Amino acid sequence: MKRVFGVFGDPIGHSLSPAMHNAAFSALGMDCVYHAFRVRPEKLEKAILGAEAMGFGGLNLTVPLKEEALKLEFIKPDPLAERIGAVNTVVFGKTGEIRGYNTDGLGARQALREAAVEMGGSKVVVAGAGGAARAVAFQLAADGAEITIINRTEERAVELAKEISAAALPGKISGTGLSGLKELLQDADILINTTTLGMHPNTDATIATAKELHSDLTVFDIVYNPLETRLLKEAKAAGAKTVSGVLMLVYQGAEAFKLWTGVEPPVEIMKKTVLEALQT
Ligand code: ATR
């Protein structure tokens, strides 16, 4: 019998996860199917327990359910998901245990690694202080980067930096407002945009333009719709190395796939599938 996997969220219609995971299952000849389900936060408990009762192989959670999942007592979060405060991957154990993971930060790390960018000792500017920034910044701190979180609402950046510092990870971290961006970038190795600036339909927006960037910088935009954001265009114009948000999407999915199945996923096929879906 086919094993069923799924992603829960609301809205969920535009999720690329079903195409990506179904392509992976099919390439590996696995008798599995992955489907998107619209689940509202107040129904999350029932939906997860129902999936477990029906023998689902595993789940992803997306907006607005990632934080909600940590409130459910029957989910045992791993330490990183607990620190981040969000679960994007649910694993059903053989003896009924339900575990929660967060693979977003690992996805970001793998995306940077693919571009041959190492985080340990690098000076990284993370723009934004929302859920995506949390996942990325906790991972970077664990990997020993020197991080500055920069955000429109300065207090959020300072607060997040404090929280990450308190976790006593190898990296150094501070938080500040957007006005310091230009100066910080002069001395930085990596800029990661985790804000929604530049996301469809506001494709003209960008956290920085070419004149603030430089050719020794790697610019990673986690926004993947459009495929080439204004920020990535500005980065290219400045001669900087660019990393697409598609890679983070694929690698967070690949990490989830490994947690559910124990099998190494075909990332090139997943990448191709996502790129094709975004180009149509
Ligand atoms: P997510 O969980 O997806 O990261 P979020 O929590 O809504 O989403 O965070 C969005 C991020 O984009 C925030 O850092 C937000 O800045 P504020 O904390 O000041 O709201 C940032 N952001 C959104 N629109 C922005 C804009 N027009 N200019 C600058 N930053 C913006």
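Counting starts at 1 for both ligands and their atoms, following the listed order. What you see is a predicted model, and the numbers here were worked out from it, not measured in a lab.
The closest protein non-hydrogen atom to atom 19 (O) of ligand 1 is Thr153 OG1, 2.5 Å. Atom 1 (P) of ligand 1 has as its closest protein heavy atom Gly131 N, 3.6 Å. Given atom 5 (P) of ligand 1, the protein heavy atom at minimum distance is Gly130 CA, 4.0 Å. Closest to atom 23 (C) of ligand 1 among all protein heavy atoms lies Thr196 OG1, 3.2 Å. Of the protein's non-hydrogen atoms, Asn151 OD1, 4.0 Å is the one closest to atom 15 (C) of ligand 1.
Of the N or O atoms in Ile207, none lie within a sub-3.5 Å distance of an N or O in ligand 1. Considering backbone and side-chain atoms alike, Ala129 places an N or O below 3.5 Å from some N or O of ligand 1. Inclusion of Thr195 in the set of residues having an N or O under 3.5 Å from an N or O of ligand 1 is not warranted.
Counting protein heavy atoms under 4.0 angstrom from atom 3 (O) of ligand 1 gives zero. For atom 9 (O) of ligand 1, the nearest protein heavy atom is under 4.0 Å away.
Under the 30°/60° scheme for interplanar angles, the aromatic rings of Phe25 and His21 are found to be tilted.
Remark: ligand 1 atoms within the under-4.0 Å shell around heavy atoms of Arg156 are 6 (O), 13 (C), 17 (P), 18 (O), 20 (O). Each of the following atoms of ligand 1 lies closer than 4.0 Å to a heavy atom of Gly128: 14 (O).
A salt bridge between Glu159 and Arg156 is absent, with no side-chain N of the basic residue lying under 4.0 Å from a carboxylate O of the acidic one. Salt-bridge check for Glu264 with Lys258: passed, with a basic side-chain N closer than 4.0 Å to an acidic carboxylate O.
Lys2 meets the side chain to side chain contact (heavy atoms under 4.5 Å, CB included) test with Asp31, Val33; sequence neighbours excluded. Annotation: side chain to side chain contact (heavy atoms under 4.5 Å, CB included) contacts of Ala27 (sequence neighbours excluded): Pro266, Ile269.
Expressed to the nearest 0.5 Å, how far CD1 of Ile207 lies from OG1 of Thr196 amounts to 9.0 Å.
Considering every non-hydrogen atom in both Ala111 and Val243, the closest pair reads O-CG1, 3.8 Å. Counting all heavy atoms, side chain and backbone alike, Ala205 lies closest to Leu197 at CB-CD2, 3.8 Å. Contact record, Ile150 with Gly177: CG1-O, 3.1 Å, taken as the closest heavy-atom pair.
Taking all heavy atoms of Glu154, Glu67, Arg152, Arg134 into account, the minimum distance to atom 26 (C) of ligand 1 is reached by Arg152.
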